[in-house]
Amino acid sequence: MACCLATGLVGAPLGADEARPELREAVAEGRIVPLTTILDWLDERYRGQVIEVELEVHDDELVYEIDLLGPSGQRVEFLFDAASGELRSIRGVNIREMRRDQAR
């Protein structure tokens, strides 16, 4: 797992419990969206299993980088702005087949 490097969130690897005080404080103060909000959004729209979650700095902005393992074994990376929760990009193959609104 990667580390938080901005806005005072130094060296905080994301784990299953997301229990670092800096992360809880950032969420409580509204500086970042809770990880559960992002994961719920993904689950509503895409099929797949979360295999990796990182909170990183990209272009001076804090982002959640979430990798899903798709139904065909593909690995797809989703980047979200951690402050707004906005989806920034999706990278991978066969992404369309992962969409929940697509016929199986």
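We're numbering straight along the sequence, starting at 1. Hydrogens, waters and symmetry mates are skipped; everything else that's a heavy atom, side chains included, is used. Everything numeric here is computed off the predicted structure, so don't read it as measured data.
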Examine distances only and state if a side-chain atom of Tyr64 and a backbone atom of Leu39 form a donor-acceptor pair shorter than 3.5 Å.
no

If you compare all heavy atoms of Pro34 against all heavy atoms of Val27, which two are closest, and at what distance to 0.1 Å?
CG-CG1, 3.6 Å

Separation between CD1 (Ile95) and CD (Glu77), nearest 0.5 Å, reads 10.0 Å

So, taking the atom named CG in Leu68 and the one named CD1 in Ile51, what distance separates them when rounded to the nearest 0.5 Å?
7.5 Å

So do the side chains of Leu23 and Ile32 get within less than 4.5 Å of each other, counting heavy atoms only?
yes

If the plane angle is over 60° it's perpendicular, under 30° parallel, otherwise tilted; pick one for Tyr46 and Trp41.
tilted

Please check if Leu42 and Leu87 belong to a single hydrophobic cluster, counting links between Ile, Leu, Val, Met, Phe, Trp and Tyr side chain heavy atoms closer than 4.5 Å.
yes

With clusters defined by side-chain heavy atoms of hydrophobic residues (ILVMFWY) lying less than 4.5 Å apart, directly or transitively, does Leu62 cluster with Phe80?
yes

Would a 4.5 Å heavy-atom cut-off, applied to side chains only, mark Glu65 and Glu52 as touching?
no

List the steps, then state whether side-chain contact (heavy atoms from CB on, under 4.5 Å) holds for Asp43 with Arg100.
CA-CA 9 Å; Asp43 188 51; Arg100 290 199 183 274; 3.2 Å; yes

If Ile, Leu, Val, Met, Phe, Trp and Tyr residues are connected whenever their side-chain heavy atoms lie under 4.5 Å apart, and connections chain through other members, are Val93 and Met98 in the same group?
no

Minimal non-hydrogen separation, Ala82 against Leu55, with atom names
CB-CD1, 3.9 Å

Pairing of Arg47 and Glu97 as salt bridge, 4.0 angstrom limit:
no

May I have the step-by-step check of side-chain contact (heavy atoms from CB on, under 4.5 Å) for Val63 and Val57, ending in yes or no?
CA-CA 6 Å; Val63 297; Val57 176; over 6 Å; no

Once you round to the nearest 0.5 Å, how far does CD1 of Ile90 lie from CZ of Arg99?
7.5 Å

Heavy-atom closest pair, residues Val76 and Gly92:
CG2-CA, 4.3 Å

Mark yes when over 12 heavy atoms from residues, nucleotides or ligands other than Glu29 sit less than 6.0 Å from its CD; otherwise mark no.
yes

Expected output: side-chain Gln74 to main-chain Ser72 donor-acceptor under 3.5 Å:
yes

Just verifying a value: how many Å separate Glu86 CD and Asp81 CG, rounded to the nearest 0.5 Å?
6.5 Å

